[in-house]
Amino acid sequence: MNNGAWRFDRLLFCSLLNALIALPFAARADTAADFVSYYQNAYAQGRDLIPGPQMPLDTASIASRLDLQSVSPKAALSGSAFLSADGAVIKLAGIQGCLSTEPMEFAGMPTTCAMISLAGMTATLDEAKAGAGDAFPCHVFAQNPGRPTVRFAECFFVENGVVHSLSETLIRKGFVFAARDRAGRPVFPEYLQAEEVARGEQTGIWASDQFVHSNGERTPVKPTTN
C-alpha cells in the first residue's frame, strides 16, 4: 500500500474497523442508533439496504445549476451512504461501495472488502466534518419518497483551503469504486479516472492481491507477468 495516500492515521482506521466489526455485540440505547446498527450490520453481511433512485438523475445539473444544501452527517450506513442529522439518508451518487464479504487482509489485519468501505466512509466523514464544522454542502439530484427519505447527492468539504469532493476522496483512498450506470458507464467520468489512479497506486482495497469488484468479477490488482 502507498502510505502516502493516507490522510489519517492508520491506527485510527484499524480502530474503526474493529469497532464496526463489534457492532452486533454493542448495546443500542436509542432509535437512531438502532437504525444505524441495522443498516451497518446488513452492509457488513454484503447487503446494501438503501434503494436506488426511482427516477433518472440529472447529473448535468451539478455543473449547470448547482444548488447546495447544508448537511450534518450523523453516521455512515454503508460504503456509499450516511445518515444526516435531519433523519434523511444521503446516498452519494458518484460512488459504489464494495459488498464482498470474502476474507482479505488490510493494514495487517483480517477483514472484508465491505468492512473496508464502511470503515472508510466513517473515517472520511469524520475528516470532512473536522474541516467543515460538523456540516458541509451537498448538491441533491433527486429524492425518493417514503421513509426513510433517501436523497441522492454529491457532497463537498474544504481542507487546507481546497474544496474536495467527498465521493472522489473516497475513491482516491481506495475505499469505494466509481459508480456505473446500467450500461456500465461511469456516472461521472472523472471519478473513473480517480479509481484508476487508486488502482495504479495500490491504495486501500486495491492493495490486496485479489478482491471481488462491484461488478462481481474477481479482479487481479497487482501486476502479473504472462
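- Sequence neighbours left out, not one pair with a member in residues 44-76 passes ring-ring contact (aromatic ring centres under 6.0 Å, His included).
- Taking Thr101 as the reference, nothing meets the side chain to side chain contact (heavy atoms under 4.5 Å, CB included) condition, with sequence neighbours excluded.
- Evaluation of the side chain to side chain contact (heavy atoms under 4.5 Å, CB included) rule for Ala42 yields Arg47, Leu49 as partners, not counting sequence neighbours.
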Between Tyr43 and Tyr39, does the ring pair (Phe, Tyr, Trp, His ring centres under 6.0 Å) criterion hold? Intermediate values first, please. CA-CA 6 Å; Tyr43 193 82; Tyr39 277 81; over 10 Å; no

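- Remark: Thr169 engages no residue in a side chain to side chain donor-acceptor pair (under 3.5 Å) (not counting sequence neighbours).
- The two residues Ser117 and Phe175 have their closest heavy-atom pair at OG-O, 2.5 Å.
- With sequence neighbours excluded, no residue forms a salt bridge (charged side-chain N to carboxylate O under 4.0 Å, His left out) with Arg147.
- Listed by first and then second residue, the salt bridge (charged side-chain N to carboxylate O under 4.0 Å, His left out) pairs involving residues 107-123 amount to none (not counting sequence neighbours).
- Closest non-hydrogen pair, Pro73 versus Lys129, comes out as O-NZ, 3.6 Å.
- Partners of Tyr191 by ring-ring contact (aromatic ring centres under 6.0 Å, His included), not counting sequence neighbours, listed by chain and number: Phe188.
- Note on residues 174-203: no pairs pass disulfide bond (SG atoms under 2.5 Å apart), not counting sequence neighbours.
- Shown here are the side chain to side chain contact (heavy atoms under 4.5 Å, CB included) partners of Val140, two or more places apart in sequence or in another chain: Gln69, Arg151, Ala153.
- Of all non-hydrogen atoms in Lys74 and Ala32, the two that sit nearest each other are CE-CB, 3.7 Å.
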Salt bridge (charged side-chain N to carboxylate O under 4.0 Å, His left out) between Arg172 and Glu168: does it pass, once the steps are laid out? CA-CA 6 Å; Arg172 285 190 177 276; Glu168 187 171 6; 3.2 Å; yes

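- Minimum heavy-atom separation, Leu92 to Cys155: CD2-SG, 3.9 Å.
- Note on Val163: it clusters hydrophobically with Leu68, by side-chain heavy-atom contacts below 4.5 Å among ILVMFWY residues.
- In summary, of the residues considered (Phe156, Phe157, Phe136), a ring-ring contact (aromatic ring centres under 6.0 Å, His included) with His164 occurs for Phe157 alone.
- The two residues Val71 and Ser84 make their nearest non-hydrogen contact at CG1-CB, 3.8 Å.
- With sequence neighbours left out, the side chain to side chain donor-acceptor pair (under 3.5 Å) criterion links Ser80 to Lys91.
- Under a hydrophobic-cluster definition in which Ile, Leu, Val, Met, Phe, Trp and Tyr are linked whenever side-chain heavy atoms come within less than 4.5 Å, directly or via other members, Ile90 and Ile62 are assigned to the same cluster.
- Counting all heavy atoms, side chain and backbone alike, Leu83 lies closest to Val36 at CD2-CG2, 3.8 Å.
- Listed by chain and residue number, Leu57, Phe141, Glu154 satisfy the side chain to side chain contact (heavy atoms under 4.5 Å, CB included) test with Ala93 (two or more places apart in sequence, or in another chain).
- The salt bridge (charged side-chain N to carboxylate O under 4.0 Å, His left out) pairs that include a residue from residues 56-67 are Asp58-Arg65, where partners are two or more places apart or lie in different chains.
- Atoms CZ and CH2, from Arg199 and Trp206 in turn, are 4.5 Å apart once rounded to the nearest 0.5 Å.
- When hydrophobic clusters are built by joining Ile, Leu, Val, Met, Phe, Trp and Tyr residues whose side-chain heavy atoms come closer than 4.5 Å, directly or via intermediates, Val197 is not grouped with Ile95.
- Contact check for Gln143 versus Val150: no side-chain heavy atoms found under the 4.5 Å cut-off.
- Within the 4.5 Å cutoff, the side chain of Cys98 has heavy atoms near those of the Ile205 side chain.
- Side chain of Asn160 to main chain of Val162: no donor-acceptor pair is present (N/O by atom type, distance under 3.5 Å, no hydrogens or angles).
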Show, in sequence, the C-alpha distance, side-chain angles and deciding distance for Arg180 and Val187, and conclude whether the side-chain contact (heavy atoms from CB on, under 4.5 Å) test is met. CA-CA 5 Å; Arg180 273 79 164 174; Val187 174; 5.9 Å; no

